[in-house]
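So the structure is just underneath, and the comments pick up after that.
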Amino acid sequence: MKSSDFLISTVKEAPNDAQIISHQLMIRAGLISKLASGLYSYLPIGLKIIQKVEKIVREEMNKSKALELLMPIAHPAELWQESKRWEEYGPELLRFKDRHDRDFCFGPTHEEVITNIAKQYLRSYKQLPINFYQIQTKFRDEIRPRFGVMRSREFIMKDAYSFHIDEKSLDETYKVMYQTYCNIFDRIGFNYRAVLADSGAIGGESSHEFHVLADSGEDAICFSDSSDFSANIERTETLPQGEPNAPSKNLELIETPGVKTIADVCNLLNVKPTSSIKTLIVESEDDSLIALVLRGDHELNEVKASKIQGIKQPLQMTDEEKVLKKLGCSFGSIGVVNLNIPIIVDYSAACMSDFVCGANEDDKHYIGVNWGRDTKDIIASDLRNVVSGDPSPDGKGKIEIKRGIEVGHIFQLGTKYSDSMNANVIGEDGRAVNMNMGCYGIGVTRIIAASIEQSHDDRGIIFPEAIAPFELVIVPINYNKSSRVQELANQLYQDCQEKNIDVLLDDRKERPGIMFADSELLGIPHRFVLSDTHADNGKIEYKSRKSSDKIEVDYKEAVSFILDQFD
RNA sequence: CGGGGCGUAGCGCAGUCUGGUAGCGCACUUGACUGGGGGUCAAGUGGUCGCAAGUUCAAAUCUUGCCGUCCCGACCA
């Protein structure tokens with residue numbers, strides 16, 4: 001490709017709505033263009049990168065024997081009603097009506113459609129296992145799109161769905177997909193980790209997420225410092241702790257005017273947050289209230305809480321008005337003494353003694369509170385997020401926490417969809433069996449942002465070769481004036497193309513500084529510079545985007561040299 | 001959904017308080033010089049100041065409403 005035939009739309013200043021580095025660089029390098037909140041056009045150079053990612057994904061998926069197909073973006077409501085997700089999915093499901101007033105939605109994921117296909121075309125266990133995939137645009141009406149294509153409303157995803165006669169077969173394919181994902185992310189050149197994950201709204205049993213490690217990541221990933229345990233914080237368990245110490249203080253009611261927060265209480269009473277508890281009120285399945293209790297310095301883990309029996313799903317915090325009406329106090333004053341609703345206490349709060357809590361009366365707190373003596377019976381449970389230094393759930397070592405960007409997620413769905421949509425095949429014994437399903441996603445567009453987050457410098461993007469918009473850029477100095485330079489550059493360009501190198505010849509009538517800056521901003525991994533001096537001495541200058549060293553290479557050896565540089 | 005900010009040329013911004021000829025930088029066009037790190041000079045192109053209504057002789061500027069967009073929050077009581 002010659003620059004003069006291409007669109008290089010780099011800019012010096014990014015629009016001020018770009019917050020994170022990958023978003024800024026994608027705009028500055030001219031990869032994407034914003035159309036509306038959470039909606040981006042992919043400009044030619046951005047699309048070129050997407051296509052490289054897609055090619056890797058396709059090759060590895062095909063190698064795993066998965067079959068590519070393509071499903072519609074618009075889905076009829078009936079399908080989603082059949083799986084119950086028309087009601088369950090919530091406002092992220094963008095719904096609309098056609099001219100006949102029939103309900104539709106934009107597909108945020110395709111379990112319903114693929115199950116419908118499986119139902120029609122899979123009749124016998126002999127056709128199983130089978131794994132279908134597509135690379136296609138998804139739409140999720142995010143509550144708050146941000147960070148460019150990292151959390152956009154429309155995005156490109158590779159989604160695969162496998163069908164099995166039994167769990168064993170599902171397990172086998174799950175392992176194949178796990179390996180396939182490792183192959184894909186290895187080829188892209190990521191520093192990534194596979195971690196145990198919660199299966200979220202899609203539902204199901206076993207699940208792993210693939211995270212690119214980056215400080216800007218939205219997810220917290222927990223690792224053991226002495227085993228290979230790794231999991232999303234959402235599903236990293238905390239372990240039960242010992243029995244509380246015997247009470248040493250009497251229960252005492254104290255005036256705490258205007259005090260609402262844990263920090264305020266602790267300041268006023270001169271105690272540590274670790275000696276206080278906080279009481280959160282959530283809705284139960286039968287629309288009454290349940291109290292969740294945490295140590296003052298801990299955070300509620302909503303995923304854990306919503307899995308506790310009796311708690312309404314999805315987890316719903318009770319609003320302050322209702323708390324005031326039913327418990328007689330506002331949020332900051334709820335406590336566990338004389339609290340006549342079920343009390344579920346996090347393990348690390350359940351082992352406390354002589355602690356501080358609200359008095360269920362505004363402007364008052366209790367001190368010297370002890371479980372049992374001062375409260376009704378409680379249920380101890382795992383409710384909180386782990387914190388750095390907690391013991392690892394596998395009993396080996398301590399937890400460290402890092403940030404990750406989720407680029408892939410694999411699930412074992414079991415028979416959730418085949419049950420609700422009645423997708424069965426005839427088994428060996430002649431009886432109909434609902435198929436086991438697996439589902440496997442990769443965020444194609446997010447991969448690009450993640451790659452940039454992980455690899456950039458103050459000049460711009462540093463793309464790995466595998467997904468760079470071009471592998472090599474040739475920067476001729478004075479191309480438009482020096483016929484010698486022009487000749488040499490054209491010849492080199494042609495030689496590279498013959499070797500299938502994805503090369504960009506920057507033949508613009510620009511000053512060298514601009515061409516250097518652009519190629520660095522775009523993150524092209526390899527660069528040749530050619531000038532009249534080189535024409536004189538038969539040399540050419542090479543520089544890698546990753547290093548600051550410039551190397552002189554014989555012009556005649558240039559093509560074989562560059563092939564040697566490739567990974 | 002709650003709170004806040006912003007909306008003026010493709011991008012970044014000033015002008016708004018105190019109403020009176022719409023500006024700057026970058027980019028873009030043409031020419032000259034320059035030619036190994038976003039160069040210099042000169043001359044240009046480009047804006048119904050987010051939309052609508054109102055106040056006024058006069059509105060980018062004041063008032064009201066709406067729309068868009070970004071940030072924070074929407075468990076940490």
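Computed over heavy atoms, backbone and side chain alike; hydrogens, waters and symmetry mates excluded. Every chain is numbered from 1, with letters handed out A, B, ... down the list of sequences.
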**Asked** Quantified in whole Å, what is the C1' atom distance between nucleotide G12(B) and nucleotide G38(B)?
**Response** 16 Å

**Message:** What's the closest nucleotide to the side chain of Gln19(A) if the choices are G36(B), C71(B), A77(B)?
**Reply:** C71(B)

**Request:** Would you mind telling me which residue lines up with the more 5' stretch of RNA chain B, Arg146(A) or Ile143(A), judged by nearest nucleotide?
**Result:** Arg146(A)

**Asked** Taking side chain as C-beta onward, heavy atoms only, is Pro108(A) less than 4.5 Å from Tyr89(A)?
**Response** yes

**Complete:** Ile262(A) has its side chain closest, among A77(B), U34(B), C70(B), to A77(B)

**Prompt:** What is the base-pairing partner of G2(B), counting Watson-Crick and G-U wobble geometry with both distances under 3.5 Å?
**Reply:** C72(B)

**Prompt:** Does Asp554(A) come within less than 4.0 Å of Lys556(A), counting only side-chain N to carboxylate O?
**Reply:** no

**Prompt:** Between C13(B) and G7(B), how far is it from one P atom to the other, in whole Å?
**Reply:** 9 Å

**Fill in**
Rounded to whole Å, CZ of Arg151(A) lies from P of C70(B) at a distance of 14 Å

**Item:** Partner nucleotide, any strand, of C33(B) [Watson-Crick/G-U, under 3.5 Å]
**Value:** G39(B)

**Prompt:** Taking atom P in both G19(B) and A60(B), what distance in whole Å separates the two?
**Reply:** 13 Å

**Message:** At less than 3.5 Å, do the side-chain atoms of Glu510(A) and the base atoms of G38(B) form a donor-acceptor pair?
**Reply:** no

**Request:** Starting at atom CE of Met515(A), determine the distance to atom P of U34(B), rounded to an integer number of angstrom.
**Result:** 18 Å

**Request:** Find the partner of C49(B): check Watson-Crick (N1-N3 plus N6-O4 or O6-N4) and G-U wobble (N1-O2, O6-N3) distances, both under 3.5 Å, and reply none if neither fits.
**Result:** none

**Request:** Compare the minimum distances between each of U69(B), G36(B), C75(B) and the side chain of Val529(A), then state the nucleotide with the smallest one.
**Result:** G36(B)

**Prompt:** When we call it a touch if two heavy atoms are under 4.0 Å apart, what does Lys34(A) touch: a base, just sugar-phosphate, or nothing?
**Reply:** sugar-phosphate

**Message:** Would you measure the distance from the C1' atom in A58(B) across to the matching atom in A22(B) and give it in whole Å?
**Reply:** 16 Å

**Message:** From the set G36(B), A77(B), G25(B), return the single nucleotide nearest to any side-chain atom of Glu13(A).
**Reply:** G25(B)

**Request:** Give Arg527(A) one of three labels, base, sugar-phosphate or nothing, depending on what nucleic acid heavy atoms sit under 4.0 Å from its own.
**Result:** base

**Complete:** note: Lys509(A), atom NZ; G39(B), atom P; distance rounded to Å ~ 16 Å

**Prompt:** Hey, does the side chain of Lys278(A) come within less than 4.0 Å of C76(B)'s phosphate (OP1/OP2), counting only N and O?
**Reply:** no

**Asked** Expressed in whole Å, how much space separates the C1' atoms belonging to G44(B) and A27(B)?
**Response** 14 Å

**Asked** Looking across every strand, which nucleic acid part, if any, lies under 4.0 Å from His23(A) by heavy atom: base, sugar-phosphate, or nothing?
**Response** nothing

**Message:** Judged by each residue's nearest nucleotide on RNA chain B, which is more toward the 5′ side, His298(A) or Ile477(A)?
**Reply:** Ile477(A)

**Message:** Between Lys550(A) and G36(B), is there a contact of a side-chain N or O with OP1 or OP2 at under 4.0 Å?
**Reply:** no

**Message:** A cation-pi test, strictly: NZ or CZ of Lys509(A) under 6.0 Å from the centre of the six-membered ring of Tyr479(A) and no more than 45 degrees from its axis. Yes or no?
**Reply:** no

**Message:** Please report the distance, rounded to the nearest Å, between CD in Glu299(A) and P in A74(B).
**Reply:** 10 Å

**Prompt:** How far does the C1' atom of U8(B) sit from the matching atom of U61(B), given to the nearest Å?
**Reply:** 11 Å

**Request:** Identify which nucleotide among C71(B), G37(B), G38(B) has an atom closest to any side-chain atom of Asp518(A), counting heavy atoms from C-beta outward.
**Result:** G38(B)

**Request:** Please determine, for C24(B), whether a Watson-Crick or G-U wobble partner exists with both distances under 3.5 Å, and give it or none.
**Result:** G12(B)

**Asked** For Thr261(A), which contact category applies under a 4.0 Å heavy-atom criterion: base, sugar-phosphate, or nothing?
**Response** sugar-phosphate

**Request:** Tell me whether the OP1 or OP2 atom of C70(B) has a side-chain N or O from Ser37(A) closer than 4.0 Å.
**Result:** yes

**Request:** Give one of base, sugar-phosphate or nothing for Ala305(A), where a contact means two heavy atoms less than 4.0 Å apart.
**Result:** nothing

**Message:** Between P on A77(B) and CG on Asp264(A), what's the gap in Å once rounded to a whole number?
**Reply:** 9 Å

**Request:** Measure from the side chain of Arg459(A), starting at C-beta and using heavy atoms only, and say which of G12(B), G37(B), C75(B) lies closest.
**Result:** G37(B)

**Separation of the C1' atoms in C26(B) and G46(B), to the nearest angstrom** = 14 Å

**NZ/NE/NH1/NH2 to OD/OE distance under 4.0 Å, Lys364(A) and Glu361(A)** = yes

**Message:** Could you tell me how far apart Ile344(A) (CD1) and C75(B) (P) are, to the nearest whole angstrom?
**Reply:** 18 Å

**Message:** Regarding Thr261(A) and Asp264(A), do their side chains bring together a donor and an acceptor under 3.5 Å, going by distance alone?
**Reply:** yes

**Prompt:** With a non-hydrogen cut-off below 4.0 angstrom, is Ser333(A) in contact with a base, only sugar-phosphate, or nothing?
**Reply:** sugar-phosphate

**Asked** With ring centroids as reference points, do Phe470(A) and Phe463(A) lie under 6.0 angstrom apart?
**Response** no

**Prompt:** Which whole-number value in Å describes the distance from Ile514(A) CD1 to A27(B) C1'?
**Reply:** 10 Å

**Nearest-angstrom distance, C1' atom, G15(B) to U55(B)** = 22 Å

**Message:** Quick check: closest heavy atoms across Ala558(A) and Phe528(A), and the distance to 0.1 Å?
**Reply:** O-CZ, 3.5 Å

**Prompt:** NA contact type, Arg295(A), heavy-atom cut-off 4.0 Å: base, sugar-phosphate, or nothing?
**Reply:** nothing

**Prompt:** Cation over ring, Arg527(A) on Phe516(A), under 6.0 Å and within 45°?
**Reply:** yes

**Request:** Find the distance Asp17(A):CG to G4(B):P and express it as a whole number of Å.
**Result:** 21 Å

**Message:** Looking at A59(B), which nucleotide sits across from it as a Watson-Crick or G-U wobble partner, both distances under 3.5 angstrom, or is there none?
**Reply:** none

**Prompt:** With a 4.0 Å cut-off on heavy atoms, is Leu292(A) in touch with a base, just the backbone sugar-phosphate, or nothing at all?
**Reply:** nothing

**Asked** Checking only heavy atoms, does the side chain of Arg511(A) share a donor-acceptor pair with the base of G38(B) at less than 3.5 Å?
**Response** no

**Message:** Let's see if you can work this out: which of G38(B), U69(B), C13(B) has an atom nearest to the side-chain heavy atoms of Asn16(A)?
**Reply:** C13(B)

**Request:** With the side chain counted from C-beta on, respond yes when Ile448(A) and Ile50(A) share a heavy-atom pair under 4.5 Å apart, and no when they do not.
**Result:** yes

